[in-house]
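Structure first, then comments.
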Protein chains: 2
Amino acid sequence: MGRKIDMKKIEDVTKCQVTFSKRRSSLIKKANEVAVCCDVDVAFVAFSPSGRVSKFCNQRRIEDVLNRYVNLPVDKRLK
Amino acid sequence: MGRKIDMKKIEDVTKCQVTFSKRRSSLIKKANEVAVCCDVDVAFVAFSPSGRVSKFCNQRRIEDVLNRYVNLPVDKRLK
DNA sequence: GTAGCTATATATAATGT
DNA sequence: TACATTATATATAGCTA
């Protein structure tokens, strides 16, 4: 989408922040679409180097969905 | 993208599975792009009704990233 | 149950305001 | 320092096999 960019860290701080902001919105939108249309529970979290936290979950408590993964038997977690 | 679909559960089982498979790949691709280009740690998990588990993480141990969120002070988790 | 094709809808980098 | 626009690259629903 849009002009191509290299798959490497965007060094320009402002550009990096703008890109993250836009892409985060799109990711959340798409995660929500998959959750609704495909009837799956989705959770995602993101941490920026500065410690800013982002998240999305289609369920009420993201903690429950995250823990659901962490508490899976080890063999179910591997892929 | 592609022909429009309603934002509701896809009742046709096969169609639902195909859609999930395609969209999951795209989500993972985009999550990886954000992680690399914006230098953020990303983790996501998905659970289908049948119990199938999907995940993505740019770091070695997704458990660490998921727990990093769960272990945040409550005020940092809220949004 | 999978794997490509393609027409169309979206996403988005760069730019403008 | 954010929004809005736009030109282009992707994503993808429906088909096809």
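Only a predicted model underlies this, so the values are computations on that prediction, with no experimental measurement involved. Lettering of chains follows the sequences in order, A, B, ..., and the numbering in each one begins at 1.
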* **For atom CG of B/Asp6 and atom C1' of D/dA13, their distance in whole Å** => 12 Å

* Just to confirm, is there a sub-4.0 Å distance from OP1 or OP2 of D/dA13 to any side-chain nitrogen or oxygen of B/Lys15? -> no

* Within this structure, what is the CD1-to-C1' distance between B/Ile10 and D/dA13, rounded to whole angstrom? -> 9 Å

* To do: Using a strict 4.0 Å threshold on nitrogen-to-oxygen distance, state whether B/Asp12 and B/Lys15 make a salt bridge.
  => no

* Take atom CZ of A/Arg24 and atom C1' of C/dA13, then tell me their distance rounded to the nearest Å. => 18 Å

* Structure fact -> Taken to the nearest whole Å, NZ/B/Lys29 to P/C/dA11 is 14 Å

* Would one find a side-chain N or O of A/Arg23 under 4.0 angstrom from OP1 or OP2 of C/dA13? -> yes

* Asked: Can you tell me if A/Arg77 uses its side chain to pair, donor with acceptor, with the backbone of A/Val70 under 3.5 Å?
  -> yes

* Rounded to the nearest angstrom, tell me the gap between atom CD in B/Glu33 and atom P in D/dA9. => 15 Å

* When you check the phosphate oxygens OP1 and OP2 of C/dA13, does a side-chain N or O of A/Thr19 lie under 4.0 Å from one of them? -> yes

* Are any of A/Ser26's side-chain N or O atoms less than 4.0 Å away from OP1 or OP2 of C/dT10? -> no

* Asked: CG of A/Asn32 versus P of C/dT10: gap in Å, rounded?
  -> 15 Å

* Heavy atoms under 4.0 Å, any strand shown: does B/Thr14 hit a base, just sugar-phosphate, or nothing? -> nothing

* Rounded to the nearest 0.5 Å, what's the gap from CZ on A/Arg52 to NZ on B/Lys76? Could you check? => 10.0 Å

* OP1 or OP2 of C/dA3 less than 4.0 angstrom from a side-chain nitrogen or oxygen of B/Lys22, does that happen here? -> no

* C/dA11 C1' sits how many Å from A/Phe20 CZ, rounded? -> 16 Å

* To do: Between A/Val18 and B/Gly2, just flag the one whose closest nucleotide in DNA chain C comes earlier from the 5' side.
  => B/Gly2

* To do: Look only at the side chain of A/Asp39 and the backbone of B/Ser48, and say whether a donor-acceptor pair between them is shorter than 3.5 Å.
  => no

* Structure fact -> Minimal heavy-atom distance between B/Phe47 and A/Tyr69, with the atoms involved, is CZ-N, 3.6 Å

* Structure fact -> Side-chain atoms of B/Arg3 come closest, of C/dA13, D/dA13, C/dT10, to D/dA13

* Phosphate OP1/OP2 of D/dT10 contacted by A/Lys4 side-chain N/O (<4.0 Å) -> yes

* Asked: Closest to the B/Ile5 side chain: C/dA13, D/dG14, C/dT12?
  -> D/dG14

